[in-house]
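Each remark here refers to the structure printed beneath this line.
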Amino acid sequence: MTITIEELNGTNCKTYLLSAGGEAALVDPVRDRFDTYKLVLGARDLRLVMLLETHLHADHLMLGRAEKEALGAPVVMHEESPSPLVDRHVLGGAEITLGGEIIEVLHTPGHTPDSVCYRVSGAVLTGDTLLIGGSGRCDFPGGDAGAQYDAVTQQLFTLPDATVVFPAHDYKGNTSSTIGVEKRTNPRFSGRTRAEYVELMAHLGLPFPAKIQESLQVNQSGFEAVDVGFPQIADVAALPAWSAVEVFARLRSSAPPLLLDVREPEEFVGELGHVAGSYLVPLDALEHRLPKLAGYVDRDLVVVCRAGARSASAGAILERAGFHRVFNLTGGMLAWHAAGLPVQR
Ligand SMILES: [Fe+2]
């Protein structure tokens, strides 16, 4: 038996239905298509057992809390996903079971730090890591063209040539390719060194995706735009940042910053813990708590979350409210852990 793969959207932006033994998974479901997915699952008598994301998307709304609850299936994403809506974090090499069949996770950072590909029954779902005749852009925060080149050439291009490639996007009407064809003909990689690829990707000059303002911060935070009042993307991107080591040093100085942790309460006391002395203000409560922070308008404030994405939004909200010295903890609590710094739970 193998896992059946079917694309459901018929648009530039692709969602795959994986099914085996009566069980189903949706890969990269798009919120707009939620009703269609429910109809398809019902019509096929499939039991949805998981929602797999290839990465945190910037170009469309992912399923929100309400849709996720209605489907009743856990969300699977890479450890470095910034989203609080993830139920199962995976690392490269992880194996996920669907209807008794194995889906292998490949960690392929570059487009985003949390990009993964899913290897399924002679095929590979490549997300935005490898597109047909292309590759996903690397110019968003956390993007890394060198890492992407390594992931494609060392992980994807070493799969058997006959492996079928299903990307998360295609703008030319293609539906699939193979590893062999991409290895020979993909103009981004064919005959190009790592340095040449990095140079190429640094000069694509692409505009922001049309829906980035409406979708990215919603996807990163799990909150709806009306509940938070998200700042402009350009302001978020411009927020100054400190590394985990720098924040730790400043906490021990004579004028320590206030650490504002904008995650959910369960994350604050969860697996990653929090920095001792930090103040928990979930992102959707920030606007209401601003008066309590008035004493910090001219003092150093460090915003903290899981991966540094939600906190960047929080920091831009604080700047918008007139706070002058706001810094993002680069990479969030994941980076704090990676630096081996102490945590409280
Ligand atoms: Fe993407």
Side-chain angles (χ1 to χ4, degrees), residues 7-16 26-33 51-64 75-83 85-86 89-90 92 105-118 124-152 155-156 165-172 174-177 182 186 188-189 197 200-202 204-222 230 233 236-237 307-310 312-313:
E7 203 283 310
L8 297 181
N9 298 343
T11 62
N12 291 343
C13 182
K14 299 178 180 302
T15 297
Y16 296 97
L26 287 170
V27 184
D28 293 332
V30 173
R31 196 185 294 189
D32 287 354
R33 301 258 162 177
L51 301 163
L52 302 175
E53 297 287 351
T54 57
H55 61 288
L56 197 290
H57 300 276
D59 64 319
H60 65 259
L61 281 175
M62 299 161 71
L63 300 185
V75 174
V76 179
M77 288 189 82
H78 186 263
E79 172 71 10
E80 291 190 40
S81 166
S83 169
L85 301 188
V86 179
H89 288 110
V90 290
V105 178
L106 308 175
H107 184 213
T108 53
H111 174 61
T112 62
D114 67 348
S115 285
V116 295
C117 297
Y118 295 108
V124 61
L125 283 77
T126 55
D128 287 355
T129 298
L130 178 66
L131 305 179
I132 299 173
S135 60
R137 64 196 293 171
C138 303
D139 56 342
F140 294 153
D144 183 336
Q148 191 177 40
Y149 183 89
D150 295 340
V152 170
Q155 294 194 70
L156 297 179
V165 170
F166 292 109
H169 287 100
D170 188 88
Y171 305 95
K172 302 165 206 148
N174 301 305
T175 52
S176 69
S177 180
E182 292 307 311
N186 190 311
R188 290 268 168 93
F189 300 99
Y197 182 74
L200 172 79
M201 296 304 278
L204 291 182
L206 297 169
F208 274 147
K211 290 191 182 153
I212 190 168
Q213 181 64 42
E214 300 95 292
S215 55
L216 181 62
Q217 295 174 89
V218 173
N219 291 341
Q220 287 171 341
S221 69
F230 289 113
I233 287 287
V236 175
R310 275 175 278 168
S313 295

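Since the structure is predicted, the reported quantities are computational estimates derived from the model, not experimental observations. Counting starts at 1 for both ligands and their atoms, following the listed order.
To the nearest 0.5 Å, atom CZ of residue Arg188 and atom CG of residue Leu130 are 10.5 Å apart. For the atom pair NE2 (His57) and NZ (Lys211), the distance works out to 13.5 Å, reported to the nearest 0.5 Å.
Annotation: protein N, O or S atoms under 2.8 Å of the Fe ion (ligand 1) (waters excluded) comprise His55 NE2, His111 NE2, Asp128 OD2.
With no hydrogens or angles considered, no side-chain donor-acceptor pair links Thr108 and Gln155 at under 3.5 Å.
Residues forming a ring pair (Phe, Tyr, Trp, His ring centres under 6.0 Å) with Phe140 (at least two apart in sequence, or on another chain): none. Under the salt bridge (Lys or Arg N to Asp or Glu O under 4.0 Å) criterion, Asp32 pairs with no residue at all, not counting sequence neighbours. Remark: Arg33 engages no residue in a salt bridge (Lys or Arg N to Asp or Glu O under 4.0 Å) (not counting sequence neighbours).
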